[in-house]
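These notes concern the structure reproduced below.
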Amino acid sequence: NVSPLNLTVTGVGTQPGTLAKVDLSFKLGSGGNLTWRGDLDLTALSSKGQLKLDGLALTKVWQLFLKDQLPLEIVGGQLALQTDYAFSSTDAGTQVLLTNAGADVKQLSLTEPGKSESLINLASLAVDGIKLDLQKQQLDIASVSSSNALIKSWLQADGQINYQSLFAGDQTAATAVASENEAVKPWDIRLGELTLANYQVDFTDFTQPKPFQLQLSELNASLKDYRNQDGISWAWQFCSRVNQTGWVYVAGARGVAPVA
């Protein structure tokens with residue numbers, strides 16, 4: 001359910017080129033507020049404007065839409081989204097353009113379904129400067145930044161990482177999807193910068209007679225100028241404290257290897 005709902009529409013017409021102006025806002029019963037302001041051409045099936053969603057409770061999203069698809073339970077977190085958009089549908093196909101888009105996640109917490117201990121706690125994740133062109137299949141992201149996260153992982157006695165068993169799913173279906181994707185034109189993806197700040201990873205190896213514990217704390221990592229194109233390299237660096245006794249620092253450049 002939604003409430004309160006505020007809707008204003010002006011300039012509606014059936015003549016070609018007539019643009020109706022729409023101003024819509026409402027509060028979602030599951031948490032969050034949605035605002036849509038834009039122009040709508042009913043004859044040409046096109047629209048452009050701005051969309052904004054804030055304060056969306058991710059626990060409700062998981063319960064309503066993701067419970068059967070995501071093998072982790074979202075027990076906390078809020079999401080905000082905003083974008084400028086342009087949409088059109090013609091004989092040449094459907095076109096969607098997104099500009100000035102971004103997403104912000106706060107206080108995300110994930111657990112195994114039915115268990116109380118958090119596997120992932122993420123204080124902040126921001127994705128800024130998103131541009132998308134559907135027909136050209138181009139996605140540009142200016143920056144992705146995240147800070148203050150705690151991730152728990154372990155190697156099970158059977159030799160599998162705990163996340164492997166959680167995401168195992170239907171391998172037959174996954175293989176079929178992968179085969180279909182081989183024939184699809186790949187997207188051109190660009191990422192200006194990725195930064196992780198003050199992460200912590202707690203890892204336990206249960207394959208050993210005495211479980212071995214490894215902690216990476218005060219972990220900072222970055223990647224710059226990523227593209228999923230052959231022969232283009234990007235710079236990266238990684239720094240972390242190890243078991244509170246020492247530090248590791250590595251940096252370099254790499255790229256996607258050309259397919260022979």
Side-chain angles (χ1 to χ4, degrees), residues 2 5-26 28 32-54 56 61 64-66 69-70 79-105 126-144 173-194 223-234 255-260:
V2 296
L5 187 148
N6 299 293
L7 174 64
T8 302
V9 181
T10 58
V12 177
T14 58
Q15 294 297 319
T18 301
L19 294 179
K21 294 190 176 297
V22 181
D23 191 327
L24 171 68
S25 65
F26 57 84
L28 298 168
N33 300 285
L34 178 68
T35 302
W36 170 35
R37 293 185 176 92
D39 297 332
L40 181 62
D41 187 334
L42 297 176
T43 58
L45 292 178
S46 65
S47 177
K48 64 179 180 179
Q50 300 84 37
L51 283 167
K52 183 178 181 181
L53 175 66
D54 60 57
L56 181 64
V61 174
L64 294 172
F65 307 110
L66 302 177
Q69 286 75 38
L70 184 66
L79 172 68
L81 299 168
Q82 73 283 331
T83 187
D84 295 339
Y85 75 91
F87 167 84
S88 62
S89 180
T90 65
D91 293 338
T94 299
Q95 172 65 315
V96 177
L97 296 172
L98 302 182
T99 56
N100 301 317
D104 189 47
V105 177
V127 184
D128 295 308
I130 301 172
K131 297 179 182 179
L132 181 143
D133 187 315
L134 180 62
Q135 289 193 350
K136 292 182 178 179
Q137 293 186 232
Q138 292 181 344
L139 174 63
D140 293 301
I141 303 173
S143 67
V144 177
T175 302
V177 171
S179 299
E180 292 178 2
N181 289 340
E182 289 180 358
V184 176
K185 176 186 173 183
W187 277 67
D188 180 9
I189 300 174
R190 308 176 186 183
L191 172 60
E193 184 174 19
L194 167 69
L223 179 151
K224 292 185 177 181
D225 301 322
Y226 168 83
R227 288 191 64 182
N228 67 331
Q229 301 296 310
D230 294 343
I232 298 178
S233 63
W234 60 86
V256 177
V259 177

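Side chains are part of it too, since the values below use all heavy atoms of this structure and drop only hydrogens, waters and symmetry mates. This structure is a prediction, so every number in the text was calculated from the model and none was measured.
The salt bridge (Lys or Arg N to Asp or Glu O under 4.0 Å) check on Asp39 picks up Lys21, with sequence neighbours excluded. Scored by the side chain to side chain contact (heavy atoms under 4.5 Å, CB included) test, Leu194 finds Val144, Leu191, Leu196, Leu223 as partners (sequence neighbours excluded). By the side chain to side chain donor-acceptor pair (under 3.5 Å) test, Gln95 is found to be paired with Asp133, residues two or more places apart in sequence or in another chain being considered. With sequence neighbours excluded, the residues satisfying side chain to side chain contact (heavy atoms under 4.5 Å, CB included) with Ser25 are Asn6, Thr35. Remark: Leu42 pairs with Val12, Leu40 by the side chain to side chain contact (heavy atoms under 4.5 Å, CB included) rule, at least two apart or across chains. For Ser47, the side chain to side chain donor-acceptor pair (under 3.5 Å) criterion is met by Tyr85, not counting sequence neighbours. Legend: residues meeting salt bridge (Lys or Arg N to Asp or Glu O under 4.0 Å) with Lys52, ordered by chain and number and at least two apart, are absent. Asp23 pairs by the salt bridge (Lys or Arg N to Asp or Glu O under 4.0 Å) definition with Arg37, not counting sequence neighbours. Asp54 pairs by the side chain to side chain donor-acceptor pair (under 3.5 Å) definition with Asn33, not counting sequence neighbours. Listed by chain and residue number, Asp41 satisfy the side chain to side chain donor-acceptor pair (under 3.5 Å) test with Thr43 (two or more places apart in sequence, or in another chain).
With rounding to the nearest 0.5 Å, the separation of CG in Leu51 from CG in Leu81 is 9.5 Å. Atoms CG and CD1, from Leu139 and Ile141 in turn, are 4.5 Å apart once rounded to the nearest 0.5 Å. Rounding to the nearest 0.5 Å places CG of Asn228 at 4.5 Å from CD1 of Ile189. Between Ser143 atom OG and Lys224 atom NZ the span is 11.5 Å, to the nearest 0.5 Å. Here Gln82 contributes atom CD and Leu98 contributes atom CG; the two are 11.5 Å apart, rounded to the nearest 0.5 Å.
The shortest heavy-atom contact between Lys185 and Gln137 is O-NE2, 2.9 Å. Phe87 and Leu45 get closest at one heavy-atom pair: CE2-O, 3.7 Å.
No side-chain heavy atom of Thr8 sits less than 4.5 Å from a side-chain heavy atom of Val22. Residues Thr99 and Ile130 are not in side-chain contact: their nearest non-hydrogen atoms beyond the backbone lie 4.5 Å or more apart. Between Val105 and Val127 the shortest side-chain heavy-atom distance does not fall below 4.5 Å.
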(request) Check the pair Leu66 / Val61 against side chain to side chain contact (heavy atoms under 4.5 Å, CB included), numbers first and verdict last. (result) CA-CA 7 Å; Leu66 302 177; Val61 174; 4.0 Å; yes

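Residue pairs meeting the salt bridge (Lys or Arg N to Asp or Glu O under 4.0 Å) criterion with at least one partner in residues 86-100, sequence neighbours excluded, are absent.
Residue Asn100 is tested with Asp128, Asp84, Thr83 for a side chain to side chain contact (heavy atoms under 4.5 Å, CB included); the sole match is Asp84.
No donor-acceptor pair closer than 3.5 Å links the side chain of Gln138 to the backbone N or O of Trp187.
With respect to Asp188 and Arg227, a salt bridge is recorded, a charged nitrogen being found less than 4.0 Å from a carboxylate O.
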